[in-house]
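What follows is a short report on a single structure.
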Amino acid sequence: MNTKFKLSALFVVGYLVTGCHNPTPKSMGTPLANAPVVASNAMKTAKGKTVLVKGVMVEKCPVAGCWFKLQDKNGIVKVDTKDAGFVVTDIPLKTEITASGKVQDGDSPTVLATGIRYQ
């Protein structure tokens, strides 16, 4: 066997072993609510309602991990975890997260989290 063939075979085997692995999602807080997914730019119309928000974590509280910001294709929403009893200090930035919670009244979009799911 030539070296090129061996490397190609090794690549294919490595891909099959690692590429097909689908890690189990991790959760914090209470299980996610059965609620509608609301885009960041529609938070003002959902004030007081329980919603799901999905996006990539682009910022988090640098001290306690008690809040983070999720970015979707429409903008950014702040998710507050302080009252939910969990923190996001060990979750790396750029992680895809789905969060459930109640949309807080106020000028900037904020979700008071009850739970999150991520991989």
Side-chain angles (χ1 to χ4, degrees):
M1 283 186 171
N2 66 28
T3 304
K4 198 176 207 180
F5 178 77
K6 288 179 185 178
L7 287 175
S8 296
L10 183 61
F11 174 77
V12 169
V13 169
Y15 176 77
L16 291 175
V17 170
T18 60
C20 295
H21 176 67
N22 189 8
T24 303
K26 298 174 182 105
S27 296
M28 291 183 175
T30 59
L32 296 187
N34 186 13
V37 176
V38 175
S40 60
N41 62 346
M43 286 291 136
K44 289 186 180 193
T45 63
K47 286 182 183 176
K49 296 180 182 175
T50 298
V51 299
L52 290 175
V53 290
K54 295 181 178 186
V56 175
M57 183 168 52
V58 293
E59 186 180 349
K60 61 183 170 179
C61 175
V63 177
C66 59
W67 59 264
F68 62 94
K69 292 186 179 179
L70 277 185
Q71 181 173 14
D72 64 12
K73 64 182 179 178
N74 299 303
I76 295 176
V77 63
K78 182 178 180 181
V79 180
D80 188 328
T81 65
K82 184 170 53 172
D83 292 339
F86 64 88
V87 296
V88 295
T89 51
D90 293 336
I91 301 174
L93 292 177
K94 298 184 181 179
T95 298
E96 289 187 30
I97 295 178
T98 301
S100 66
K102 193 171 189 175
V103 179
Q104 181 181 31
D105 288 338
D107 294 332
S108 62
T110 301
V111 173
L112 302 177
T114 55
I116 64 170
R117 184 174 52 234
Y118 65 98
Q119 288 193 359

Under a single-linkage definition using a 4.5 Å side-chain heavy-atom cutoff for Ile, Leu, Val, Met, Phe, Trp and Tyr, are [X] and [Y] assigned to the same hydrophobic cluster?
X	Y	result
Trp67	Ile91	no
Val37	Ile76	no
Ile97	Leu93	yes
Val77	Leu32	no
Val79	Val87	no

For residues [X] and [Y], report the shortest heavy-atom separation together with the two atoms involved.
X	Y	value
Asp90	Pro92	O-CD, 3.5 Å
Ser100	Leu52	CB-CD2, 3.5 Å
Lys54	Leu70	C-CD1, 4.3 Å
Gln119	Pro25	NE2-CG, 3.6 Å
Ile116	Ala99	CG2-CB, 3.7 Å
Ala46	Val51	CB-CG1, 4.1 Å

>> Could you check whether any side-chain N or O of Thr81 sits under 3.5 Å from a backbone N or O of Phe86, counting only pairs where one atom can act as donor and the other as acceptor?
In response: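 Side chain of Thr81 to backbone of Phe86, a donor-acceptor pair under 3.5 Å: yes, one is there.
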**Q.** Heavy atoms from other residues, nucleotides or ligands near NZ of Lys47 exceed 12 (cutoff 6.0 Å)
**A.**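 Yes, enclosed.
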Quiz prompt | Minimum side-chain heavy-atom gap Met43-Thr110 below 4.5 Å | solution =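 In short, these two side chains do not touch, never coming nearer than 4.5 Å.
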State, with a plain yes or no, whether a side-chain heavy atom of Tyr118 is found less than 4.5 Å away from one of Met57.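 When only atoms from C-beta onward are counted, Met57 and Tyr118 do not touch, as no gap falls below 4.5 Å.
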Walk me through whether Val111 and Lys102 qualify under side-chain contact (heavy atoms from CB on, under 4.5 Å). CA-CA 5 Å; Val111 173; Lys102 193 171 189 175; over 6 Å; no
Quiz item: How about Ser40 and Asp72: does a side-chain donor come under 3.5 Å of a side-chain acceptor?
Solution: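 There is such a pair between these side chains.
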Subject >> From CD (Glu59) to CD (Gln71), nearest 0.5 Å >> reply: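 Between atom CD of Glu59 and atom CD of Gln71 there are 11.0 Å.
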**OP:** I would like to know whether Lys78 and Phe68 meet side-chain contact (heavy atoms from CB on, under 4.5 Å); could you show each step before the answer?
**Re:** CA-CA 6 Å; Lys78 182 178 180 181; Phe68 62 94; over 6 Å; no
